[in-house]
Amino acid sequence: MGGGDRVPQGGGPGGGPGRPGGLRGAIPFRRDQLRALGLVAPLLIFVGVTFIAPLATMLTRSVHDPVVADALPETLALLRDWDGDGLPAEAVYETAARELERLGEERTIGQVAGRVNRVQGGLRSVFTRTVRELADAAPDPAVAAETPWRDALAGIDPAWADPMTWHAVRTTGERFTSRHYLNAVDRERLPDGTIARQPEERRIYLRLFWRTLLVSGTITVLCLLLGYPIAHLIARAPPRRAALLLVLVLVPFWTSLLVRTTSWIVLLQTQGVINDLLVAIGLVSDDGRLAMVYNMTGTIIAMTHVLLPFMVLPLYSVMRGIPPQYMSAAASLGATPVQAFLRVYWPQSLPGVGAGALLVFILSIGFYITPALVGGSDGQLISNMIAYHMQTSLNWGLAGALGGILLVGVLALYLVYDRLVGVERMGLS
């Protein structure tokens, strides 16, 4: 063959048989991959330990609650055969009495009583009283009676003669349950298996969800109305003035959130600075001072102030990339300032508007400290109720369900934004 027909021994760029060149190139490549993975590993571990693991734990608790199932296994096994009509059989009462006595000796009755009480109020005291008096109320085996244990437990508390008590025990005995999510949307499962609305006095969560969405939307609109002209001013200012204005926007990031929130309490209270100013200029009388704190008004004002930089910065990052000559060109073609803004400037600033609105809305949904301090009872959001169940009532299952619904809502909002606008168009830099 001619020289042009001869195949080199090492093969092409990928190497021939054995491909020594390819192996020499692959080893440094894999080494670079391992080095990069080693550099990122601390961050991945930190995110996993501080974010993913707690989130997974709370979502698991929202559907998995084995406390009652582990504490009363024999009683629940017998209740599975109960048709739900009338009272359970004598064997259920006898088994329940024996297991309740054991829980009293192990000092774990409080956990079981608390969970049953979440399904039917008032049962915590029933369980604890029963455990205390159970030893003295045991029936005499020499006395022949048709339902001695039933009479003994009913003698301690009449609630044991109510079928709803046993329905509550059977409901809380489910290891995997949807009752927390039903409670989170003001629903409950009836003994016959149907789902119905909670009683009027217990319908609070849907109202809080709607209030949270309404407040978050209002704050997003206010931040856009206030932040858009500020961002435009910074983007069109000379470099030194723009730097000074940016520093003023960033000052809140250098101040504690708690300090900013408590400052608004001083400003907005009835005897505060703003009311004193309004009285001094004659807009309100001294007897007609405005109530602007410990209500929804205070919550909206304080949260708008805290979240305004999250709207200004994305808008500024987009606006500084819009050439000012575009507006001049539109004016030279006969457009009025309003037409030039609506048809030239506004469409080009939409990525910043979308990014800022998404940031502000998502952050305001999960705000907790500000509504807790300046909101009072009328300014509370769903995040405050989640914190209550985490810290006070210790109903972590319901807290996890509320948080799970909030998480799904945020993810749905993100997907809708990605579908309509595109996340790649977000102006964050």
Does a sphere of radius 6.0 Å around [atom1] in [X] hold more than 12 heavy atoms from other residues, nucleotides or ligands, not counting ones at 6.0 Å or beyond?
| X | atom1 | answer |
| --- | --- | --- |
| Arg343 | CZ | no |
| Phe253 | CZ | yes |
| Arg129 | CZ | yes |
| Trp396 | CH2 | no |

Side-chain touch [X]/[Y], heavy atoms, less than 4.5 angstrom:
| X | Y | answer |
| --- | --- | --- |
| Leu406 | Ile382 | yes |
| Arg189 | Leu182 | yes |
| Val279 | Ser285 | no |
| Asp157 | Leu153 | no |
| Phe367 | Thr212 | no |
| Val306 | Pro252 | no |
| Leu313 | Leu250 | yes |
| Met58 | Met390 | yes |

Minimum heavy-atom distance [X]-[Y], with the two atoms named:
| X | Y | answer |
| --- | --- | --- |
| Gly122 | Asn117 | N-OD1, 2.8 Å |
| Gln380 | Ala372 | NE2-CA, 3.9 Å |
| Ala184 | Leu402 | CB-CD2, 3.5 Å |
| Met296 | Gly379 | CE-CA, 3.7 Å |
| Ala330 | Ala340 | CB-CB, 3.8 Å |
| Leu206 | Asp186 | N-OD2, 3.1 Å |

Indicate yes or no: does [X] engage [Y] in a salt bridge with an N to O separation below 4.0 Å.
| X | Y | value |
| --- | --- | --- |
| Arg115 | Asp65 | yes |
| Asp276 | Arg289 | yes |
| Arg98 | Glu74 | yes |

Angle class for the [X]/[Y] ring planes (parallel below 30°, perpendicular above 60°, tilted otherwise)?
| X | Y | result |
| --- | --- | --- |
| Phe341 | Trp346 | tilted |
| Trp166 | Tyr93 | perpendicular |
| His305 | Trp264 | perpendicular |
| Trp82 | His167 | tilted |

Problem - Main-chain N/O of Gln339 paired with Thr336 side-chain donor or acceptor, under 3.5 Å - result: yes
Handout entry: Donor + acceptor pair across side chains of Asn275, Gln269 (<3.5 Å)
Key = no
Problem - Residue pair Trp160 / Thr130, side-chain donor-acceptor N/O under 3.5 Å - result: yes
Problem - Tyr345-His232 aromatic ring centre distance below 6.0 Å - result: yes
Distance in Å, [X] [atom1] paired with [Y] [atom2], rounded so as to fall on 0.5 Å steps:
| X | Y | atom1 | atom2 | value |
| --- | --- | --- | --- | --- |
| Leu258 | Leu373 | CG | CG | 6.0 Å |
| Met303 | Thr261 | CE | OG1 | 10.0 Å |
| Ile230 | Leu308 | CD1 | CG | 5.0 Å |
| Asn183 | Ser62 | CG | OG | 12.0 Å |
| Met385 | Ser393 | CE | OG | 9.0 Å |
| Met311 | Thr220 | CE | OG1 | 6.0 Å |

Handout entry: Pair Tyr205-Trp210, ring-ring contact (aromatic ring centres under 6.0 Å, His included): steps then yes or no
Key = CA-CA 9 Å; Tyr205 299 115; Trp210 285 117; over 10 Å; no
Exercise for the section: Assess whether side-chain contact (heavy atoms from CB on, under 4.5 Å) is satisfied between Thr299 and Asn295, documenting all intermediate values. Expected result: CA-CA 7 Å; Thr299 298; Asn295 51 30; over 6 Å; no
Completion exercise
From the list Arg202, Arg203, Arg197, salt bridge (Lys or Arg N to Asp or Glu O under 4.0 Å) partner of Glu200 resolves to Arg203
Handout entry: Step-by-step side-chain contact (heavy atoms from CB on, under 4.5 Å) determination, Arg61 to Thr57
Key = CA-CA 6 Å; Arg61 285 178 178 270; Thr57 300; 3.9 Å; yes
Practice task
Go through the steps to decide whether Ile234 and Val312 satisfy the test side-chain contact (heavy atoms from CB on, under 4.5 Å), and finish with yes or no.
Solution key: CA-CA 9 Å; Ile234 299 175; Val312 173; 4.3 Å; yes
Practice task
Going by the side-chain contact (heavy atoms from CB on, under 4.5 Å) test, name the single residue among Leu359, Leu358, Ile365 that passes it with Phe361.
Solution key: Ile365
Exercise for the section: Evaluate the side-chain contact (heavy atoms from CB on, under 4.5 Å) criterion for residues Ile300 and Met292: first the C-alpha distance (whole Å), next the side-chain angles of each, then the deciding distance (0.1 Å), finally the verdict. Expected result: CA-CA 10 Å; Ile300 292 177; Met292 295 182 290; over 6 Å; no
